[in-house]
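For the single chain, residues carry numbers from 1 onward in sequence order.
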Amino acid sequence: MRPHLFSPILATLLVVSATSLTAQRSAPVTLITGTVVGADGKPMSIADVHLGPAAEAGVVAEAKVGPDGRFAIATTQTGAFSLILTGVNNHSASVPLLLDGRETTIALDVQLARYRYRDTLDPITAIGDWNHFNFDTGRPLVKEADGRYTLDVESTADTVAYQLLGLESDGRSINGTEGVRYQYDGGGDYRSVIKTDNGHATIVFDPRRLDRRPSERRITFRDPRSFAARLATALGEFDRRSRAYFDSARAATQRKDSLHYDWTPALRELAARGAGERDPVLSQILLLERLNYTLFGAHSDSGLYAEVVRRVRPTSPVWSFRQLAQPAGVVMVFARIRQPTATRVEAMKDSVAVGQTLAYLDSVSSRHPARAVRIDALSSEVFFAKTANRQEQANDLYLRMMADYGDDPMAAVLRAQYSPNRVLRTSAPVPDFHFAKLADTTQTFTRADFQGKTYLLDFWASWCGPCIGDMPYLHAAYDSLHAKGLEILSISLDRDPGDVTRFVAGQWKMPWLHAFARGGFTNPATRQFEVIFVPRMALVGPDGTILAVDGDLRGEKLLPTLHRFLSAAP
C-alpha cells in the first residue's frame, strides 16, 4: 500500500466490536479488504463499508472508504454475515460471507450501480428530521416554473437532514441533489443535510442533475477459487434465476397470459453440481435453491423434502442467508413435495410426516444461533400445527412464541391471526369504523352505511404482490355476486391516493367502493382492525357479524366462501 494510506487502513482494522475484543481475544482475525468505486469506476466522495449478521439487524464493524476507494475492515466474530457497501447516489451492494476460520483474508473489488430513477417524478415527497423520517407523513415538494422542486421546512437546529421519496424506481428513500454533507441512514442509503437560516431551510431538488445512464453492479473476488467467492457466486446465481422468473411472471401478467416457466435446465444443473460438491455448506445452498424453485412452481421429486430435512442441520449457517427458503419454506413445500398428488388437507393427515416436520422446526427454533431464524422456525411451527389441526400443540407453541419473542413483529402477526381475542375472528361483531373515502377524504364509510348488507372488507395496497395476485378472484366475485347483494370495500394502505388512482387505471379496474387509510399501518382505523400486514380480508354479514376472515377469502377459496354465505348455488 502507498504510505499515505497506512494510517487510515490501520485505523479501520481497529473498528472491531467491543464484544469481539473482550470475549474472543484468542479468536483469529478475519480481514476483509478491497476497493469500492461508483458507477463511473471512480472513487466516491462519500462511501462506507458495513459488516453485519446476515439474519439480524445491527453492525459488528464498519469503516469509511478512503479517498482512493480502498477499504479494510476486520472482525474476530464468526458466522453468517452480510458485507454492505454504500455510496452517495448509488445503489448499495450486499456480499454474503461465512466467517468460520477457513479464510483469514478476503479481498474483493466492488463497482456500485447508479440509482434507477423513475421516468415520471410527480409526486416527490420529503421526509426528514421534522417527522423522524416517517414514510407515511412525508411532505410533497412543489414544482417550480424552472423545473426544480422545492419545500420550505422549519427547524430550530443549525441543519436539517432529509431524504426524498418518488425518485428511485424501487421506492427507496434516497438523498437529494442538494446538500452540504451526507449522513448514512443505516439502511443502504444516505440523507442530504442542508443549513438553516433564521429557523427555516429550503429543500431544492433539481431533476436535471440526476445521472440516468444505465449501469451494472460488479463484484470481483481477487481469488475466484476462494470459498468466499464460490459462496457469493452460488447465492448470486440464485438471485439471478429468481429475477428471471419474476420478470417472466410480470411479462405474462402484462400480456394477460398464463406463466409457463421451464425450470428443467436449472434443476438439472443444480442436481449435477450438488452431486459433485464436496463442501457441505455449498452443497446445502444448492439443495435449498432447488427447494426455492419448487416454491416458484418447479416440479420436484418426493425425495427432495426428506433430503433437505436430513442434510440441512437445524443449526446450519445457511438458514441465516435470508434470500434462501427459510424454515418456513420447508412447511410451504410439505404438501407439494411430500405427497405431490395429494391435496394439502390429505397431506396434513399424514401424521408421521407432520410430526417429523414439526420436530425439525422445533430443533431449529430451539438450537439455531440466529434469533431471526429461531423466530421464523417457531412461527412456522405455529402455522403448521394450526393447519394440521393439532390445536393443543399449536396453542402451546403460540404461548411459547409470545413468552420468548413477544416483542418481535412476527409475534404481532401471530396475535392478529391466532389470539383468542383478535379483532378479525368469525362470529365476532365487526368494530365500528370510519374510513375516509378515496374520492373525497372529507367523507367516510362507516359500519352504519353497510347495515343490512353482506360486504367484504379488503385491506390492500398497490405495492403488495399478494394483493395483486388476488385481483382476478376479487373481480370474478364482484362481477358474479354484486347483483346478488355483495359489496366490496377496499381500504388502501398506499402512501398516496394517487397510487390507487394510477393502479385502477391499469389492468385491474376494481369497480367497487374504495377508502384510503392515510398513514397506512399507523392509521387509527387500520390499527383498530389489527392490520399489520396485507392483504387482510373480512366478510361481514347483514347483522354486522364477521362470517369469514383471511385464508377462507383468499384466491380460489373466495368464491365458494361467498356463495355459501350469500345462499347462492356454487
Crowded around Gln391 CD? As in, over 12 foreign heavy atoms under 6.0 Å? yes
A quick test of your reading: do over 12 heavy atoms of other residues, nucleotides or ligands sit less than 6.0 Å from CZ of Arg527? no
Minimum heavy-atom distance between [X] and [Y], given as atom pair plus value:
X      : Y      : value
Ser490 : Met510 : OG-CE, 3.7 Å
Gly171 : Arg118 : CA-NH2, 4.2 Å
Leu493 : Trp463 : O-NE1, 3.9 Å
Ser92  : Gly188 : CB-O, 3.6 Å
Thr454 : Leu539 : CG2-CD1, 3.8 Å
Leu553 : Ala548 : CD1-O, 3.4 Å

Measure the shortest side-chain to side-chain distance between [X] and [Y] over non-hydrogen atoms and say whether it is less than 4.5 angstrom.
X      : Y      : answer
Ile375 : Met401 : yes
Val540 : Arg447 : no
Phe238 : Leu288 : no
Arg554 : Asp470 : yes
Ser169 : Tyr117 : no
Ser366 : Arg374 : no
Phe516 : Ile491 : no
Val423 : Pro431 : yes

Determine yes or no for a side-chain-to-main-chain donor-acceptor pair under 3.5 angstrom, with [X] supplying the side chain and [Y] the backbone.
X      : Y      : result
His368 : Ala370 : yes
Thr526 : Gly520 : yes
Gln528 : Phe433 : no
Ser155 : Val160 : no
Arg139 : Val153 : no
Thr441 : Lys437 : no

Find the distance between [atom1] ([X]) and [atom2] ([Y]) and round it off to the nearest 0.5 Å.
X      : Y      : atom1 : atom2 : answer
Ile127 : Ser173 : CD1   : OG    : 4.5 Å
Trp263 : Arg290 : CH2   : CZ    : 13.5 Å
Leu141 : Thr125 : CG    : OG1   : 7.5 Å
Asp458 : Leu513 : CG    : CG    : 11.5 Å
Arg148 : Phe205 : CZ    : CZ    : 12.0 Å
Glu487 : Asp449 : CD    : CG    : 10.5 Å

Would you say the side chains of [X] and [Y] form a donor-acceptor pair under 3.5 Å?
X      : Y      : result
Glu392 : Asn395 : no
Asp189 : Tyr184 : no
Asp152 : Thr202 : yes
Asp206 : Thr177 : no
Glu289 : Tyr293 : yes

Are the charged groups of [X] and [Y] less than 4.0 angstrom apart, N to O?
X      : Y      : value
Asp362 : Arg400 : yes
Arg371 : Asp408 : yes
Asp247 : Arg241 : no
Arg172 : Asp170 : no

Between [X] and [Y], is the ring centroid distance below 6.0 Å?
X      : Y      : result
Phe529 : Phe459 : yes
Phe133 : Tyr162 : no
Trp512 : Tyr455 : no

The single option from Arg536, Lys557, Arg422 that satisfies salt bridge (Lys or Arg N to Asp or Glu O under 4.0 Å) with Asp550 is Arg536
Run the side-chain contact (heavy atoms from CB on, under 4.5 Å) check on His514 and Ser492 step by step: do they pass? CA-CA 7 Å; His514 287 272; Ser492 165; over 6 Å; no
Evaluation steps, side-chain hydrogen bond (donor to acceptor under 3.5 Å, both in side chains), between Asp494 and Ser462: CA-CA 7 Å; Asp494 282 283; Ser462 64; 2.5 Å; yes
From CA spacing to verdict: ring pair (Phe, Tyr, Trp, His ring centres under 6.0 Å), Trp460, Phe503: CA-CA 12 Å; Trp460 78 294; Phe503 182 86; 5.3 Å; yes
For the pair Tyr190 and Thr86, evaluate side-chain hydrogen bond (donor to acceptor under 3.5 Å, both in side chains) and give the outcome as yes or no after the intermediate values. CA-CA 9 Å; Tyr190 289 82; Thr86 61; 2.7 Å; yes
Let me see the working for Phe435 and Thr446 under side-chain contact (heavy atoms from CB on, under 4.5 Å), right down to the final yes or no. CA-CA 7 Å; Phe435 290 113; Thr446 69; over 6 Å; no
Dump the intermediate steps for side-chain hydrogen bond (donor to acceptor under 3.5 Å, both in side chains) on Gln163 and Asp185, then the final yes or no. CA-CA 9 Å; Gln163 287 182 312; Asp185 71 353; 3.1 Å; yes
Given Arg390 and Phe384, is the side-chain contact (heavy atoms from CB on, under 4.5 Å) satisfied, shown in steps? CA-CA 9 Å; Arg390 296 193 175 195; Phe384 195 55; over 6 Å; no
Between Phe296 and Phe246, how do the two ring planes meet: parallel, tilted or perpendicular, split at 30° and 60°? perpendicular
Determine, step by step, whether Ser419 and Tyr398 satisfy the side-chain contact (heavy atoms from CB on, under 4.5 Å) criterion, reporting the C-alpha distance in whole Å, the side-chain angles of both residues, the deciding distance to 0.1 Å, and the verdict. CA-CA 9 Å; Ser419 170; Tyr398 173 82; 3.3 Å; yes
Would Asp396 and Gln393 count as a side-chain hydrogen bond (donor to acceptor under 3.5 Å, both in side chains) if you check the C-alpha gap in whole Å, the side-chain angles of each, and the deciding distance to 0.1 Å? CA-CA 5 Å; Asp396 290 341; Gln393 186 175 6; over 6 Å; no
